[in-house]
Engineer: 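Take this structure first; my questions come after.
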Number of protein chains: 4
Amino acid sequence: MNKVVLIGRLTKDPELRYTPGSGTAVTTLTLAVDRRFTKDTQQKEADFIPVVVWGKSAESTAQYMSKGKLMGVSGRIQTRSYEAKDGGRRYVTEVVAEEVQFLEWGAKGQNSGEGGFGGYGKEDSGFGSSFDDMTPVDDGEIPF
Amino acid sequence: MNKVVLIGRLTKDPELRYTPGSGTAVTTLTLAVDRRFTKDTQQKEADFIPVVVWGKSAESTAQYMSKGKLMGVSGRIQTRSYEAKDGGRRYVTEVVAEEVQFLEWGAKGQNSGEGGFGGYGKEDSGFGSSFDDMTPVDDGEIPF
Amino acid sequence: MNKVVLIGRLTKDPELRYTPGSGTAVTTLTLAVDRRFTKDTQQKEADFIPVVVWGKSAESTAQYMSKGKLMGVSGRIQTRSYEAKDGGRRYVTEVVAEEVQFLEWGAKGQNSGEGGFGGYGKEDSGFGSSFDDMTPVDDGEIPF
Amino acid sequence: MNKVVLIGRLTKDPELRYTPGSGTAVTTLTLAVDRRFTKDTQQKEADFIPVVVWGKSAESTAQYMSKGKLMGVSGRIQTRSYEAKDGGRRYVTEVVAEEVQFLEWGAKGQNSGEGGFGGYGKEDSGFGSSFDDMTPVDDGEIPF
DNA sequence: TTTT
DNA sequence: TTTT
């Protein structure tokens, strides 16, 4: 059993790539998730969690999400390792999305300033989109 | 282990009560949670999940949430039974919230028509509020 | 978003049926999940959560699980209603399994008394089985 | 919202330490969690997830869990960074336990061979222990 | 109607 | 650096 649910904001615009082999879409992003217990002595009050999205959802995420937008993710924790430039082994722990839900909309460039929208609600005819059509892909194919 | 996470919309305004004994606040509501696999033959495409919120969060929920607003809930599934008016035993399965997150704001009456707000985003100075200060209370005290 | 994870014990042997239409296997069971906060004044210290398992996992569950065995389940909460014999509408809230994990093994009849096994560990060559091949089926097909 | 549930086996005996400041107990361990979709081409079929347990549960975990034992954990994902010996910044993503459940028992040294116990079931008078009395502690206090 |  |  390996289950994760996150609600947080993108720290940057998501990055969409395609695997060299099968050409599967894969989007990477980092979610800033606010902590509940913000002790005053605790300087950092959010966790910055790396997320990987595969398949059609990867493309939707890259299209509709951008820096600062709110997003729900469910999935699992994955660990992998790679060789760093200094020859050392680095260990990566990240969340592989199984379902994504857009809680605020807005592509990159939108909503930046004078009056773009950005809310998510009745007025915007927005609704939480939920995707689940991701194709898990072999680890070896990850292009990063 | 008994863990639940939901994101959904209130089907009605939340109902705030206080326990007869200790006077603890308790709010009940129903979340409509959209299903992911909407097969065309499937007429109902949401689940309507009863949620109970205790303590300070109960009051926040009653204050800031209303019909149609989007809300995140984590908690656990609780079952209990009661005697119906016809003398039969009824079994209730509901979610007891441990943490609530308001993904859209707006009290009852707000946002109804001409131009109230309702979005949740930077423009609205909105941010996802997360509460966790609920006091679990004895089953017997539930006033419904 | 609608996610549930449970670890609990079967209150009875699971019941395996097949849908009239497509003949899909469906197993129903109830998990007794111990509560964490057992206040002394609280007489009931477990929740009894109805679970539905579909497809190949339904058959595995019926085959390997029995009353008292420990089981992990992940899935989602589903609500539905039906007409009771007295003509009244009854509302059901249950967990639909997406993944099951057998934490103790033992078919019905096994492990009952003089020395059957029942543990789950190295000695039993047991390992946690995890299934995910369930076929969601139309609500209307549920044969109960 | 930041929720995690894991069921997996300890890759090594857990390590119990105490924070220099307040003397709070903290146990670190790694859970090997089997993946569901084991594609044949995929050499690694488990994720190795670092877990931190605080407080009284830290001591229980160190006392009752050991290499190979099966354990359930719920909690949240935490990220932090530290300076490596080579001067570079390293980023750590780990799970902070909020609840632990021992699905197999056995201290270090026990269950090693000829006939130690290790199962978890009626025969062993075992029952799933669930702890939740952990005291979250300041990041700066983590002694590693 | 409940499990250890 | 990994468990069954």
Side-chain angles (χ1 to χ4, degrees), chain A residues 1-2 79-81 83 88-93, chain B residues 1-2 79-81 83 88-93, chain C residues 6-15 28-35 38 43-51 65-73 101-106 108 111 118-130, chain D residues 6-15 28-35 38 43-51 65-73 101-106 108 111 118-130:
Chain A
M1 202 72 61
N2 182 338
T79 55
R80 56 190 174 90
S81 70
E83 189 173 327
R89 193 119 220 106
R90 294 289 184 281
Y91 296 89
V92 176
T93 303
Chain B
M1 203 71 61
N2 181 340
T79 56
R80 56 191 175 89
S81 68
E83 189 172 328
R89 194 119 220 107
R90 293 292 183 280
Y91 296 88
V92 176
T93 302
Chain C
L6 306 172
I7 300 177
R9 293 183 181 282
L10 303 232
T11 63
K12 300 190 311 180
D13 290 335
E15 294 185 21
T28 54
L29 56 93
T30 298
L31 278 189
V33 181
D34 290 338
R35 290 188 182 167
T38 315
Q43 55 272 50
K44 182 155 61 70
E45 77 274 283
D47 292 286
F48 301 95
I49 303 174
V51 175
M65 292 284 97
S66 58
K67 178 176 175 172
K69 291 290 176 287
L70 192 73
M71 183 181 182
V73 168
Q101 189 164 2
F102 304 155
L103 302 172
E104 285 176 14
W105 294 83
K108 184 177 168 178
N111 189 23
Y120 162 26
K122 212 184 232 162
E123 294 77 5
D124 304 313
S125 84
F127 46 90
S129 269
S130 198
Chain D
L6 305 173
I7 299 177
R9 294 183 180 281
L10 304 231
T11 61
K12 303 190 309 180
D13 290 334
E15 295 186 20
T28 53
L29 56 92
T30 297
L31 279 188
V33 182
D34 290 337
R35 291 187 181 167
T38 315
Q43 54 273 52
K44 181 155 62 69
E45 76 273 285
D47 292 287
F48 300 95
I49 302 174
V51 174
M65 292 285 97
S66 57
K67 179 175 175 174
K69 291 288 175 289
L70 193 72
M71 183 181 183
V73 168
Q101 188 164 4
F102 304 154
L103 302 172
E104 284 177 12
W105 295 82
K108 184 175 167 177
N111 187 24
Y120 162 28
K122 212 183 232 164
E123 296 77 6
D124 304 315
S125 85
F127 47 91
S129 268
S130 198

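In what follows, chains are A, B, ... by sequence order, proteins preceding strands, each numbered from 1.
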Engineer: With respect to the side chain of B:Y91, which nucleotide from E:dT1, E:dT3, F:dT3 is positioned closest?
Structural biologist: E:dT1

Engineer: Counting side-chain heavy atoms from CB outward, which of F:dT2, F:dT3, E:dT3 is closest to D:T30?
Structural biologist: F:dT2

Engineer: Rounding to a whole Å, what distance do you find between D:E104:CD and F:dT4:P?
Structural biologist: 10 Å

Engineer: Taking the minimum atom-to-atom distance to the side chain of D:R9, which one of F:dT4, E:dT3, F:dT2 wins?
Structural biologist: F:dT4

Engineer: What is the distance, rounded to the nearest whole Å, between atom CG of C:L31 and atom P of E:dT1?
Structural biologist: 19 Å

Engineer: CZ of A:R80 versus C1' of F:dT2: gap in Å, rounded?
Structural biologist: 18 Å

Engineer: Could you state the atom-to-atom distance from CG of C:L103 to P of F:dT4 in whole Å?
Structural biologist: 16 Å

Engineer: If I take atom CE in residue D:M65 and atom P in nucleotide F:dT3, what distance separates them, rounded to the nearest angstrom?
Structural biologist: 17 Å

Engineer: Using the side chain to side chain contact (heavy atoms under 4.5 Å, CB included) rule, take D:V51 and D:T28 through it: C-alpha gap first, then chi angles, then the decisive distance, then the call.
Structural biologist: CA-CA 6 Å; D:V51 174; D:T28 53; over 6 Å; no

Engineer: Separation of C:W105 atom CH2 from E:dT4 atom P, in whole Å?
Structural biologist: 19 Å

Engineer: So which nucleotide from F:dT3, F:dT2, E:dT3 ends up closest to the side chain of D:D34?
Structural biologist: F:dT3

Engineer: Applying side chain to side chain contact (heavy atoms under 4.5 Å, CB included), run through D:I7 and C:Q101 and close with a yes or a no.
Structural biologist: CA-CA 9 Å; D:I7 299 177; C:Q101 189 164 2; 3.8 Å; yes

Engineer: So, using side-chain contact (heavy atoms from CB on, under 4.5 Å) as the criterion, who are the partners of B:T93 when residues are at least two apart?
Structural biologist: B:I77, B:T79, C:P50, C:T93

Engineer: Of all the choices, E:dT1, F:dT4, F:dT1, which nucleotide is nearest to the side chain of B:R89 once you look at every atom?
Structural biologist: E:dT1

Engineer: Using modelled atom types and a 3.5 Å cut-off, is there a donor and acceptor pairing between side-chain atoms of C:D13 and backbone atoms of C:S66?
Structural biologist: no

Engineer: Rounded to the nearest angstrom, tell me the gap between atom NZ in D:K67 and atom C1' in F:dT1.
Structural biologist: 11 Å

Engineer: Within this structure, what is the CG-to-P distance between D:L29 and F:dT4, rounded to whole angstrom?
Structural biologist: 14 Å

